[in-house]
Amino acid sequence: MVAALGAAVCFGVASVLQAKGARAAEPGSGSGVDTRLLARALAQRVYLAGLALDAAGFGCELVALRRMPIYAVGAALAASLAVTAVAAARLLGAALDRTEWAAVGTVCGGLALLGLAAGGEGHGHGGAGLRWGTLAAAGGVLLVGAVAGRLPGRARAAGLGLGAGLGFGVVEVAVRLVDGVASPALYALLLGGGAAFLLLTSALSRGSVTTATAAMVVGETVGPALVGVLALGDRTRAGWAPVAVAGFALAVLGALVLARFGEGGAVEAGPVPAREPVRTP
């Protein structure tokens, strides 16, 4: 559980830094799969600092996924929003009200229950169909982004957030399935992670942050948890299944309450006007 919590801390702080970087960059094409926006965001040092934390978080996530059930790791990653909320309050001056502090406590309580109830990593390794399925799902993330980028307002934010969450969910499952350099799961991991970053950067730059982040939390937790239980043999400690379900539900619901802090504490983010030259905040 320590590795999963380490990943949550890294990802939570990274969200605040990446939000600042993405919004300081010049707008790209406005599409969901927007490589120009990503390239401009990468010119911001604060965005790069966020990526460095993401890399550290991903290392912790890999360790956790090799030792714990996917449902426990997924809930811990969703709980990174609690870290983001606290970081936004300290670094960006975003105020948390009583409901949001209660949500932080709910997330922590849910993770404590999961830590008590979670069993070891499942011993299932999935078949060839599941490996190819993850690769197809990773390609589907790009299609979701292309479609979502054409939608208006909150529908666009929800579509991009859900697509990003699905991409991160593909990564969670693919880590358990990689069995060599020729494995389709390896390429699913790379494609799914890259596509998720593209969509998340677009979601960070404009639209409803609350909607995008809530959709991302759902996409990266529910599906992978089901795959872990149904296909990979993830289980709880004997007799602790109700406690694990309660802990998972509390952690995810608390994260959804905190969704407005998922990208740095702002509720709405409009298009950022072009700047010449673009300066690192």
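Below, each value reflects all heavy atoms present in this structure, side chains not excepted, and no hydrogens, waters or symmetry copies. For the single chain, residues carry numbers from 1 onward in sequence order.
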Treat each ILVMFWY residue as a node, draw an edge where side-chain heavy atoms are under 4.5 Å apart, and state whether [X] and [Y] are in one component.
| X | Y | answer |
| --- | --- | --- |
| L81 | L253 | yes |
| V46 | V13 | yes |
| V222 | L114 | yes |
| V170 | I70 | no |
| L142 | V147 | no |

Could you tell me whether the side chain of [X] and the main chain of [Y] form a donor-acceptor pair under 3.5 Å?
| X | Y | value |
| --- | --- | --- |
| R237 | L116 | yes |
| R176 | P69 | no |
| R131 | V178 | no |
| R235 | V229 | yes |

4.5 Å side-chain heavy-atom contact, [X] and [Y]:
| X | Y | result |
| --- | --- | --- |
| R150 | R156 | no |
| L130 | L232 | yes |
| V144 | L162 | no |

Over all heavy atoms of both residues, which pair between [X] and [Y] is shortest? Give the atoms and the distance, please.
| X | Y | value |
| --- | --- | --- |
| A118 | A72 | CB-CB, 4.3 Å |
| L160 | S202 | CD1-CB, 3.9 Å |
| E220 | E172 | O-OE2, 3.0 Å |
| A3 | C60 | O-CB, 3.3 Å |
| A4 | A76 | CB-CB, 3.7 Å |
| A251 | L111 | CB-CD2, 4.4 Å |

Could you tell me the separation between the [atom1] atom of [X] and the [atom2] atom of [Y], rounded to the nearest 0.5 Å?
| X | Y | atom1 | atom2 | answer |
| --- | --- | --- | --- | --- |
| C108 | L113 | SG | CG | 11.5 Å |
| F58 | L65 | CZ | CG | 8.5 Å |
| L258 | E100 | CG | CD | 6.5 Å |
| T221 | L77 | OG1 | CG | 9.5 Å |
| D54 | L48 | CG | CG | 11.5 Å |
| D234 | Y71 | CG | OH | 7.0 Å |

Using side chain to side chain contact (heavy atoms under 4.5 Å, CB included) as the criterion, point out the one residue from V218, L199, V141 that pairs with L166.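 The residue from V218, L199, V141 that satisfies side chain to side chain contact (heavy atoms under 4.5 Å, CB included) with L166 turns out to be V141.
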Using a 3.5 Å cut-off and no angle test, enumerate the donor-acceptor pairs between side-chain atoms of residues 180-198 and protein atoms at least two apart in sequence or in another chain.
residue, atom, partner, partner atom, Å
S183, OG, D179, OD1, 3.2
S183, OG, A185, N, 3.2
Y187, OH, V181, O, 2.9

Can you pull out every salt bridge (Lys or Arg N to Asp or Glu O under 4.0 Å) where at least one residue sits in residues 238-250? Sequence neighbours excluded, please.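 Non-adjacent pairs meeting salt bridge (Lys or Arg N to Asp or Glu O under 4.0 Å): zero.
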Please tabulate, for the side chains in residues 238-250, all donor-acceptor contacts under 3.5 angstrom to protein atoms that are two or more places apart in sequence or on a different chain.
none

